[in-house]
Amino acid sequence: MRRAGWSVLMAAALVAASLGCVPSRPAGPAHGVRVSAPWARPTPPGAKASAVYFTLESAEGDTLSGAEPVDSLTNAAELHAMFRDAKGGMGMRALASLAIAPHGRVTLAPGGTHLMLTGLRRALVAGDTLVLRLRFAAAGAQIVRVPVQEDR
Amino acid sequence: MRSRGLLAALALLLVLPSCGGGVAYRGRVPSRLMPVGAFALPEAGAGAPAPMFPFRAQPHGALLMYFGYVSCPDACPTTLSDVRHVLHALGPDSARVEVAFATVDLARDTPLVMVPYLRHFVAAGHALVAEREEQLAAAQVAFGATSNVTRTRKGEVEVSHTGDLYLVDPRGNVAVVWRFGTKRDDIAEDLRLFLAREAQR
């Protein structure tokens with residue numbers, strides 16, 4: 001009886017801890033950036049450039065300051081943002097860095113900010129995996145595996 | 001009795017705006033006539049010398065026109081991928097829709113590059129490669145499109161261009177303009193509406 005009472009107390013304490021006191025972030029180090037849902041589109045023949053998309057989240061806030069390919073499929077990766085002019089024209093502009101606000105989320109998606117890949121050695125096909133190193137100002141380097149897949 | 005009549009009148013008022021007033025496209029309908037049918041660009045991969053492809057849909061059909069370039073990492077593949085999804089969503093009606101993609105990067109996008117690029121997205125697409133800058137510019141002016149190819153100090157080529165997708169009717173007029181970023185479901189819905197109207201002409 002006494003033992004049962006103790007275990008109930010312990011269980012209650014554990015539940016309380018998991019609800020409130022312990023960070024509930026499942027992936028990544030405590031001071032880190034969570035990189036989720038990375039993907040890149042298969043490329044048409046002849047294309048020498050492509051784009052990588054993903055979502056960044058950080059509890060403390062951080063800055064994506066650079067990226068480079070680790071695999072041999074591409075030459076370089078560069079942060080790009082889309083701009084539009086008044087006449088409906090648009091283009092891409094290199095971004096030196098990308099800030100994530102504390103408890104913020106930044107999504108790189110088609111038609112907006114993306115990581116441009118250049119110097120493709122061959123066409124990217126569904127099933128390929130790109131490997132990139134993302135460099136964050138506070139969290140340091142992080143390796144990300146990017147599946148090549150059709151957009152949904 | 002009297003109130004019933006009032007109710008009926010109110011109900012009519014509520015119903016009328018949705019059936020009157022013509023067609024509501026989700027894309028932008030040009031406020032002035034945009035005739036592009038008198039313009040044409042050489043079609044790559046369709047024989048030698050390259051035949052001129054006029055900006056005019058087949059009878060009862062639609063022509064989707066886009067200006068872009070092969071080295072475009074994001075906007076052009078996003079639009080062409082959307083077009084592919086739209087054609088798929090239309091089912092058998094997609095046979096009435098032609099797709100043309102004209103390059104604004106004449107220095108790099110040769111016919112040999114353009115044809116396989118477009119076919120990756122749309123197997124029956126028309127890859128258009130102007131022979132001269134003036135020829136491209138004339139076509140762009142007709143569509144109200146611009147582009148600019150520059151080389152940075154680092155030697156990188158930078159391209160900015162109008163990212164609109166155009167729907168051209170069989171009479172050679174632009175019927176709808178979709179700004180870049182229009183949802184593919186909205187494009188598909190507009191095309192269904194357009195094709196239904198064209199079928200009755």
Side-chain angles (χ1 to χ4, degrees), chain A residues 39-54 67 69 73-96 107-126 130 132 146 148-152, chain B residues 28 67-82 84-85 88 101 103-104 108-122 125 127 140 143-150 152 154 156-166 177-184:
Chain A
W39 70 284
R41 213 181 252 128
T43 56
K48 292 278 177 272
S50 186
V52 169
Y53 311 106
F54 46 76
L73 285 173
T74 60
N75 255 347
E78 190 175 35
L79 265 174
H80 269 205
M82 177 83 69
F83 71 86
R84 290 167 184 266
D85 62 32
K87 285 189 265 173
M90 58 187 203
M92 250 74 70
R93 198 168 274 153
L95 279 182
T107 299
L108 285 71
T113 306
H114 57 270
L115 202 58
M116 181 173 82
L117 302 173
T118 53
L120 262 60
R121 303 250 156 72
R122 63 165 171 82
L124 303 180
V125 296
L130 301 163
L132 295 171
V146 181
V148 175
Q149 60 192 51
E150 293 291 350
D151 51 350
R152 295 144 301 261
Chain B
R28 186 171 66 82
F67 293 93
Y69 64 108
V70 164
S71 312
C72 178
D74 180 58
C76 314
T78 297
T79 301
L80 289 172
S81 178
D82 283 346
R84 175 175 55 189
H85 279 95
H88 185 74
F101 176 71
T103 180
V104 300
R108 292 186 292 179
D109 293 351
T110 62
L112 277 176
V113 173
M114 278 289 284
V115 173
Y117 180 87
L118 180 58
R119 288 195 179 148
H120 171 82
F121 296 101
V122 182
Q140 286 181 303
F143 281 94
T146 60
S147 63
N148 193 19
V149 183
T150 49
T152 65
K154 281 197 288 177
E156 290 165 350
V157 179
E158 273 186 1
V159 180
S160 68
H161 62 110
T162 306
D164 296 343
L165 178 67
Y166 307 93
V177 181
W178 294 290
R179 298 300 299 268
F180 176 72
T182 303
K183 292 201 168 13
R184 57 170 80 124

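Residue numbers start from 1 in every chain, and the chains themselves are labelled A, B, ... in the order their sequence lines are given, proteins ahead of strands.
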Chain B heavy atoms under 4.5 Å from T118(A): which part of the residue, side chain, backbone, both or neither?
neither
Among A123(A), G112(A), P42(A), G111(A), who wins on heavy-atom pairs under 4.5 Å with chain B?
G111(A)
Can you tell me which portion of V159(B) sits under 4.5 Å from chain A's heavy atoms? Options are side chain, backbone, both or neither.
backbone
Is F67(B) close to chain A through its backbone or its side chain, or both, or neither, when contacts mean heavy atoms under 4.5 Å?
neither
If every non-hydrogen atom of P73(B) is compared with every non-hydrogen atom of A49(A), which pair is closest and at what distance?
CB-CB, 4.2 Å
Identify the two heavy atoms, one from G163(B) and one from M90(A), that lie closest to each other, and give their separation to 0.1 Å.
CA-CE, 3.5 Å
Using 0.5 Å steps for rounding, measure from the NE2 atom of H80(A) to the CG atom of D74(B).
10.5 Å
Could you give the distance from OG1 (T78(B)) to NE2 (H114(A)), rounded to the nearest 0.5 Å?
8.5 Å
Residue list, salt bridge (charged side-chain N to carboxylate O under 4.0 Å, His left out) with D109(B), at least two apart or on another chain:
none
R84(A) side-chain N/O to F180(B) backbone N/O, donor-acceptor pair under 3.5 Å
yes
Can you measure from CD (E150(A)) to OG (S81(B)) and round to the nearest 0.5 angstrom?
6.5 Å
Quick one: closest heavy-atom pair of R184(B) and D151(A), and the distance?
NH2-OD2, 3.2 Å
Which answer fits R84(B), side chain, backbone, both or neither, if we ask what part of it has an atom under 4.5 Å from a heavy atom of chain A?
side chain
Distance check, rounded to the nearest 0.5 Å: M116(A) atom CE versus C72(B) atom SG?
10.0 Å
Between P45(A) and H120(B), the two heavy atoms sitting closest are CD-CB, 3.8 Å
Any chance CZ of R93(A) has more than 12 other-residue heavy atoms, nucleotides or ligands included, within less than 6.0 Å?
no
